[in-house]
A.B. asks: 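Okay, handing you the structure first.
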Amino acid sequence: MLALTALGASLAAGSAVADTSDKRIALSNNYAGNSWRQAMLRTWDKVTSQAVSDGVVAAADAFTTAENQVTEQAAQIQNMILEGYDAIVLNAASPEGLNGAVKEACDAGVIVVSFDGIVSEPCAWRVAVDFNQMGKDEVIYLADRLPDGGKLLEIRGLAGVSVDDQISAGIHEGVAENPQFEIVGSVHGDWAQDVAQKAVAGILPSLGDIDAVVTQGGDGFGAAQAFAAAGRDTPIIIMGNRYDELTWWKEQKDANGYETMSVSIAPGVSTLAFWVAQMVLAGEDVPKDLTVPFLRIDQAELEANLETTEVGGVANTEYSLQDAEEVVAEAKM
């Protein structure tokens, strides 16, 4: 949890909570097919249910589209406008494809705050992680572990989503800066263990030795299963903070000293976006672009993080109003 600075504390003393008791906020989510999205929705429900109970807002309803389609999510946003929501917190299927619907919401006086999958429409707010750096950090870690380089398999996320593009771009930039590495194969794992396992199993027969696997989260355990099923040595697999990944890593660490690192965005970023929407509705001056750190777990931190990660879930952070106020204050500096 973010520490509350003196500036954040002074902001917390304001009247933001009292100003929004009659406001309704909706979550528009484009996909729920992996453990990260499920954890994100659970965290949203936990934090926003308490906010509704406390009278901070009147409602904080969550909606997920049946398919990861821009047209379906655009229609969902348009329906939220018609239903009279005061703000929409948005995990977008596309950074540009939803701009028309977002602009329509803004023109109707609806506040739009995007997170994780952000949108580029200028009227919206964006709560983002530096996904590019997250991808690059994977290669920096591998350069330390494998100074002579090696062959990499890349597992990408959900095709067409900005997060996938940004993490992949960071990985490729990292490889360009460390030419001792070569990406010899790439598959989409959709940030899901089962999808990743099938995708890796499908490409392995066409590949030679793999020294490391760069990932995006939710795919590390599936990759490990695919290598084991193929009877191949387990390479260094970057993990993505999921319970199954951390559990497998711990088992391997205890059995043979296996070393790796794990990195992802905390699913609770949805709650930070909620509080940002609440602050905007309360009339606070909030910059349009806010950045939060990604959550990285190194070898020495594995046990402590595994202990606090729920079974089937993801290592997480729940954000409070005070945390959001600190992020906003830091963005203004």
A.B. asks: Going through the checks in order, is the salt bridge (Lys or Arg N to Asp or Glu O under 4.0 Å) test met by Lys198 and Asp194?
C.D. replies: CA-CA 6 Å; Lys198 291 177 183 177; Asp194 55 342; 5.6 Å; no
A.B. asks: To the nearest 0.5 Å, how far apart are SG in Cys106 and CD1 in Ile88?
C.D. replies: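 The CD1 atom of Ile88 is 8.5 Å from SG of Cys106, to the nearest 0.5 Å.
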A.B. asks: Do Trp125 and Ile118 come close enough that some side-chain heavy atom pair is under 4.5 Å?
C.D. replies: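 No, too far: nothing below the 4.5 Å cut-off.
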A.B. asks: Quick one: are the ring centres of Trp248 and Tyr258 less than 6.0 Å apart?
C.D. replies: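 Here the rings of Tyr258 and Trp248 have centres that are less than 6.0 Å from each other.
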A.B. asks: State, yes or no, whether a side-chain contact exists between Gln50 and Thr48 at a heavy-atom distance under 4.5 Å.
C.D. replies: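 Not in contact.
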A.B. asks: Can you find a side-chain donor-acceptor pair between Asp61 and Tyr85 that sits under 3.5 Å?
C.D. replies: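 Short answer, yes.
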A.B. asks: Would you say that Val139 contacts Ile171 through its side chain, given a criterion of any heavy-atom pair below 4.5 Å between the two side chains?
C.D. replies: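 Yes, side chains in contact.
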A.B. asks: Would Arg24 and Asp86 count as a salt bridge (Lys or Arg N to Asp or Glu O under 4.0 Å) if you check the C-alpha gap in whole Å, the side-chain angles of each, and the deciding distance to 0.1 Å?
C.D. replies: CA-CA 5 Å; Arg24 299 167 63 236; Asp86 300 287; 5.9 Å; no
A.B. asks: Do the side chain of Asn316 and the main chain of Gly268 share a donor and acceptor less than 3.5 angstrom apart?
C.D. replies: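 Judged by distance alone, yes, a pair lies under 3.5 Å.
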A.B. asks: State which residue, out of Val47, Leu290, Leu321, Val127, fulfils the side chain to side chain contact (heavy atoms under 4.5 Å, CB included) condition with Leu272.
C.D. replies: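 It is Val127, the one option of Val47, Leu290, Leu321, Val127 that forms the side chain to side chain contact (heavy atoms under 4.5 Å, CB included) with Leu272.
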A.B. asks: Would the distance check show the side chain of Ser120 and the main-chain N or O of Pro95 forming a donor-acceptor pair, the cut-off being under 3.5 Å?
C.D. replies: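 Present.
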A.B. asks: Using a cut-off of 6.0 Å, state whether more than 12 heavy atoms not belonging to Lys46 lie near its atom NZ.
C.D. replies: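 Count not over threshold, so no.
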A.B. asks: So, do Asn99 and Val119 sit near enough that their side-chain heavy atoms are less than 4.5 Å apart?
C.D. replies: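 A side-chain contact exists here, since the closest heavy-atom pair is under 4.5 Å.
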A.B. asks: Do the side chains of Lys253 and Glu303 get close enough for a salt bridge, i.e. N-O under 4.0 angstrom?
C.D. replies: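 A salt bridge links Lys253 with Glu303.
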A.B. asks: Measure the spacing between CD1 of Ile237 and CD of Gln252 and express it to the nearest 0.5 Å.
C.D. replies: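 It is 9.0 Å, given to the nearest 0.5 Å.
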A.B. asks: Side chains of Asn132 and Glu173: donor-acceptor distance under 3.5 Å anywhere?
C.D. replies: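 Yes, because at least one side-chain N or O of Asn132 sits under 3.5 Å from a partner of the opposite role on Glu173.
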A.B. asks: Surrounding CG of Asp209 (heavy atoms of other residues, nucleotides or ligands, distance under 6.0 Å), is the total greater than 12?
C.D. replies: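 Counting other residues, nucleotides and ligands, CG of Asp209 stays at 12 neighbours or fewer.
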A.B. asks: I'd like to know if the side chain of Asp130 pairs up with that of Thr291 as donor and acceptor (distance under 3.5 Å, no hydrogens or angles considered).
C.D. replies: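 No, no side-chain donor-acceptor pair sits under 3.5 Å.
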A.B. asks: Among all residues two or more places apart in sequence or in another chain, which pass the side-chain contact (heavy atoms from CB on, under 4.5 Å) test with His172?
C.D. replies: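 Partners of His172 by the side-chain contact (heavy atoms from CB on, under 4.5 Å) criterion, ordered by chain and then number, come out as Glu154, Ser168, Ile183.
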A.B. asks: Rounded to the nearest 0.5 Å, what separation is found between the CG atom of Asn68 and the CZ atom of Arg37?
C.D. replies: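 The CG atom of Asn68 sits 7.5 Å away from the CZ atom of Arg37.
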A.B. asks: Would you say the side chain of Met80 lies within less than 4.5 Å of the side chain of Ser28, judging by non-hydrogen atoms?
C.D. replies: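 Sidechains of Met80 and Ser28: in contact.
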A.B. asks: Between Arg296 and Glu301, does a salt bridge (Lys or Arg N to Asp or Glu O under 4.0 Å) hold up when you go through it step by step?
C.D. replies: CA-CA 9 Å; Arg296 173 170 170 165; Glu301 302 152 355; over 6 Å; no
A.B. asks: Side chains of Asn34 and Gln38 only: does a donor on one sit below 3.5 Å from an acceptor on the other?
C.D. replies: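 Short answer, no.
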A.B. asks: Check the side chains of Thr43 and Glu318 for a donor-acceptor pair under 3.5 angstrom, ignoring hydrogens and angles.
C.D. replies: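 Judged by distance alone, the side chains do not pair up.
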A.B. asks: Just checking, any donor-acceptor pair under 3.5 angstrom between side chains of Asp164 and Gln216?
C.D. replies: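 Indeed, the side chains of Asp164 and Gln216 share at least one donor-acceptor pair under 3.5 Å.
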A.B. asks: Would the number of heavy atoms belonging to other residues, nucleotides or ligands and lying under 6.0 Å from CD of Glu307 be above 12?
C.D. replies: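 Not more than 12 within 6.0 Å, no.
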A.B. asks: Do we see a donor-acceptor contact under 3.5 Å between the side chains of Glu245 and Asn241?
C.D. replies: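 No - no donor-acceptor pair under 3.5 Å links their side chains.
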A.B. asks: Please test Asp165 against Arg156 for salt bridge (Lys or Arg N to Asp or Glu O under 4.0 Å), starting from the C-alpha separation and ending with a verdict.
C.D. replies: CA-CA 8 Å; Asp165 294 333; Arg156 298 190 56 166; 3.2 Å; yes
A.B. asks: Salt bridge or not between Lys103 and Asp107? Use side-chain N to carboxylate O under 4.0 Å.
C.D. replies: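 Between Asp107 and Lys103 there is a salt bridge, with a charged N closer than 4.0 Å to a carboxylate O.
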A.B. asks: Going by distance alone, is a donor N or O of one side chain under 3.5 Å from an acceptor N or O of the other, for Arg242 and Ser264?
C.D. replies: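 Yes, Ser264 and Arg242 have a side-chain donor paired with an acceptor closer than 3.5 Å.
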A.B. asks: Between Asn30 and Thr65, is any side-chain donor less than 3.5 angstrom from a side-chain acceptor?
C.D. replies: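 The criterion, which ignores hydrogens and geometry beyond distance, is not satisfied for Thr65 and Asn30.
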A.B. asks: Between Asp211 and Lys151, does any NZ, NE, NH1 or NH2 come within less than 4.0 Å of an OD or OE carboxylate oxygen?
C.D. replies: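 The answer is no: the pair does not qualify as a salt bridge.
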A.B. asks: Within a radius of less than 6.0 Å around CG of Asn256, do more than 12 heavy atoms belonging to other residues, nucleotides or ligands occur?
C.D. replies: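 Atom CG in Asn256 is packed in, count exceeds 12.
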A.B. asks: Do Trp275 and Tyr319 have ring centres separated by under 6.0 Å?
C.D. replies: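 So the answer is no for these two rings.
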A.B. asks: Heavy-atom distance under 4.5 Å between the side chains of Leu152 and Leu142, does that happen here?
C.D. replies: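 With C-beta onward as the side chain, the pair touches.
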A.B. asks: Does any part of the side chain of Val328, heavy atoms only, come nearer than 4.5 Å to the side chain of Met279, both counted from C-beta?
C.D. replies: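 A side-chain contact exists here, since the closest heavy-atom pair is under 4.5 Å.
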A.B. asks: Side-chain contact, heavy-atom cut-off 4.5 Å: Trp44 with Phe274?
C.D. replies: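 They are in contact (side-chain heavy atoms under 4.5 Å apart), so the answer is yes.
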A.B. asks: Among Thr317, Val269, Asp323, whose side chain to side chain contact (heavy atoms under 4.5 Å, CB included) with Val292 holds?
C.D. replies: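 Of all the options given, the one that passes is Val269.
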